[in-house]
Amino acid sequence: MKKTKLSMMLMGLIAFTAEAAISPQLPGEMIDAFEGKFGVTEGKRRNHTKGFCFKGQLNPNESLIANYSDSAIFKAPSRVIGRFSHSGGNNNAPDDKYGELGIGLSIVDLNGDNTRMALNTLDFFPVSTPDAFLALNQAKVKGKDAVAKMKQSHPELAAFSKHMAKRDKKVKPYEDHTYNGINTFFFVNAQGEKTPFRWVFEPTMANGVRVETHSDFFFDNIQASLENGGVSWDMTAVLANPSDDINNAAVKWTGPHKTITPVTLMIEKVATESEGQCDTINFDPLVLAKGIEPSSDPILLARSPVYAVSFGKRLTEKAAK
């Protein structure tokens with residue numbers, strides 16, 4: 001990438017950050033915290049560092065979605081370039097030990113418009129504001145005592161830790177996990193009516209461990225799963241109840257909710273980042289085509305500028321090589 005083109009891109013990212021409802025310093029400070037905890041793998045993402053690419057297709061399922069959204073992704077098959085990843089900045093995160101995982105999607109619909117998504121295996125977020133999340137990551141750099149001190153002043157963090165302690169820590173491959181969109185979005189229909197919802201990606205089948213486990217077995221395992229029945233997720237939208245806090249990612253919606261499963265994600269092939277097409281994609285969840293809009297969740301709005309700083313850094317490192 002030419003230096004002038006890179007400079008123009010970074011200027012745009014800085015301008016976007018300044019317009020966001022967070023302090024201009026927060027995105028850079030957040031990335032500094034990740035680097036302080038995990039170190040730097042040059043040319044790689046600062047979070048969800050380890051991962052690989054896939055290609056797939058999004059197939060519409062349910063006509064009922066037309067009452068809620070006129071997005072083109074619900075009208076005809078869409079092409080998908082995506083990425084599976086481990087949460088955190090460790091580029092050598094072991095596949096054979098429990099850890100939180102993620103999935104990113106870049107969806108090109110029938111009109112050629114792009115929608116991007118970023119989900120993970122968390123049920124909900126540990127804290128409700130970008131400032132609190134920055135403080136949490138800075139505390140993790142300092143050590144357990146700093147994290148314990150923060151829990152005393154943030155009851156939501158203590159509740160999150162208690163919830164995480166009860167989770168099933170069994171190792172499962174990427175294709176057997178449920179992925180959650182912990183932030184709220186709005187469906188927007190042709191009349192301009194808005195309906196708040198959250199995504200839940202549920203695997204359509206159980207694949208299990210098909211190959212010998214080791215620190216990098218996920219790639220081989222999903223290839224084996226593709227050859228033995230396939231890999232897919234039903235993308236279910238959980239519609240908000242009137243009592244749900246739609247702008248707080250640290251609150252899990254509980255109780256009965258209306259759901260719609262408008263599309264299914266079908267994986268067709270996987271590739272390493274060097275051989276695939278996902279490495280240069282910034283899976284910014286605020287890249288949205290017509291029919292879906294973001295909520296005012298501050299964690300959601302902060303993700304875009306934080307991702308942008310990480311994206312700019314790794315592009316600069318790649319260009320310098």
Side-chain angles (χ1 to χ4, degrees), residues 52-85 102-120 174-175 177-181 183-205 207 222-223 225-227 229-240 257-271 276-295 300 303-304 307:
F52 56 81
C53 305
F54 66 83
K55 283 186 177 182
Q57 184 165 290
L58 213 59
N59 295 317
N61 285 331
E62 195 169 332
S63 59
L64 178 63
I65 188 63
N67 295 329
Y68 297 94
S69 174
D70 63 347
S71 171
I73 68 174
F74 306 133
K75 298 177 181 179
S78 303
R79 301 304 304 166
V80 178
I81 296 175
R83 183 174 184 266
F84 297 111
S85 62
I103 185 171
L105 305 180
S106 176
I107 305 164
V108 178
D109 62 34
L110 62 89
N111 299 320
D113 294 326
N114 192 249
T115 295
R116 296 185 180 177
M117 301 181 186
L119 303 94
N120 57 60
Y174 284 132
E175 59 265 37
H177 278 276
T178 294
Y179 296 90
N180 301 297
N183 303 117
T184 303
F185 292 82
F186 289 99
F187 286 137
V188 185
N189 65 16
Q191 292 74 43
E193 298 167 331
K194 296 183 179 183
T195 303
F197 75 96
R198 288 179 178 176
W199 284 117
V200 177
F201 289 13
E202 298 176 305
T204 62
M205 67 195 80
N207 276 290
I222 200 167
Q223 284 188 315
S225 293
L226 287 170
E227 295 168 1
V231 174
S232 59
W233 283 265
D234 283 334
M235 292 171 53
T236 296
V238 180
L239 307 187
H257 283 73
K258 183 174 182 178
T259 62
I260 304 172
T261 304
V263 282
T264 295
L265 172 64
M266 306 284 295
I267 307 303
E268 296 172 345
K269 62 182 296 186
V270 294
Q277 299 177 20
C278 71
D279 190 38
T280 56
I281 296 176
N282 179 19
F283 293 101
D284 179 350
L286 294 184
V287 175
L288 297 166
K290 180 184 176 183
I292 301 176
E293 294 181 359
S295 68
L300 172 61
R303 290 173 79 173
S304 191
Y307 286 20

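Small disclaimer: the values here were computed from a predicted structure and weren't measured.
Taking the side chain as every heavy atom from C-beta outward, R79 and E268 approach each other to under 4.5 Å. Contact check for Y68 versus I260: side-chain heavy atoms found under the 4.5 Å cut-off. Contact of the P77 side chain with the Q57 side chain is registered, since non-hydrogen atoms from C-beta on lie closer than 4.5 Å. Looking at T184 and F197, their side chains never come closer than 4.5 Å, going by heavy atoms from C-beta outward. Contact check for I103 versus N120: no side-chain heavy atoms found under the 4.5 Å cut-off. In this structure, F186 and S295 have side chains that are in contact, with non-hydrogen atoms separated by less than 4.5 Å. With a 4.5 Å cut-off on side-chain heavy atoms, K269 and I267 do not count as touching.
Ring orientation note: the planes of F74 and F187 are nearly perpendicular, at an angle over 60° on the 30°/60° scale. Aromatic ring pairs are classed by plane angle as parallel below 30°, tilted from 30° to 60° and perpendicular above 60°; the pair F84 and Y179 is tilted.
Aromatic rings of Y174 and F52 (six-membered ring for Trp) have centroids within the 6.0 Å cut-off, being under it.
D284 and S304 share a side-chain donor-acceptor pair at under 3.5 Å. For the 3.5 Å distance criterion, the side chains of E202 and T178 fail to qualify, holding no donor opposite an acceptor. In this structure, a donor-acceptor pair under 3.5 Å is absent between the side chains of R116 and N282.
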Run L265 and L105 through side chain to side chain contact (heavy atoms under 4.5 Å, CB included) and show every step you take. CA-CA 10 Å; L265 172 64; L105 305 180; 3.8 Å; yes
Working note: V231 + N207, criterion side chain to side chain contact (heavy atoms under 4.5 Å, CB included); need CA distance, chi angles, decisive distance, verdict. CA-CA 8 Å; V231 174; N207 276 290; 4.2 Å; yes
Evaluate the criterion side chain to side chain contact (heavy atoms under 4.5 Å, CB included) for residue pair R198 and N183; output intermediate values, then yes/no. CA-CA 6 Å; R198 288 179 178 176; N183 303 117; over 6 Å; no
Before giving the answer on side chain to side chain contact (heavy atoms under 4.5 Å, CB included), spell out for K75 and L110 the whole-Å C-alpha distance, their side-chain angles and the decisive distance to 0.1 Å. CA-CA 8 Å; K75 298 177 181 179; L110 62 89; 4.3 Å; yes
Output, in order, the C-alpha distance, side-chain angles, deciding distance and verdict of side chain to side chain donor-acceptor pair (under 3.5 Å) for T261 and E62. CA-CA 7 Å; T261 304; E62 195 169 332; 4.9 Å; no
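Between G82 and C278, the shortest heavy-atom distance links the atoms O-CB, 3.4 Å. The minimum heavy-atom distance between F54 and R83, with the atom names listed, is CE2-N, 3.2 Å. Here the closest heavy-atom approach between residue M117 and residue W199 is recorded as CE-NE1, 3.7 Å. L119 approaches G181 most closely through the heavy-atom pair CD2-N, 3.2 Å. The two residues S69 and G291 have their closest heavy-atom pair at OG-O, 2.8 Å. The two residues H177 and W233 have their closest heavy-atom pair at O-NE1, 2.9 Å.
Separating the CD atom in E293 from the CZ atom in F185 is a distance of 11.5 Å, to the nearest 0.5 Å. Atom OG in S225 sits 9.0 Å away from atom CE in M205 (nearest 0.5 Å). To the nearest 0.5 Å, atom CD1 of residue I222 and atom CD of residue E227 are 11.5 Å apart. Separating the CD1 atom in I81 from the CD atom in Q277 is a distance of 4.0 Å, to the nearest 0.5 Å.
Without hydrogens or angle criteria, S71 side chain to I292 main chain gives no donor-acceptor distance under 3.5 Å. Judged by distance alone, the side chain of K290 and the main-chain N or O of D70 form no donor-acceptor pair under 3.5 Å.
L58 pairs in a side-chain contact (heavy atoms from CB on, under 4.5 Å) with only one of the listed residues (D109, V80, V108, T264), which is V80. In summary, of the residues considered (D113, T115, I281, N114), a side-chain contact (heavy atoms from CB on, under 4.5 Å) with V287 occurs for N114 alone.
In this structure V238 satisfies the side-chain contact (heavy atoms from CB on, under 4.5 Å) test together with V200, W253, H257, T259, sequence neighbours excluded.
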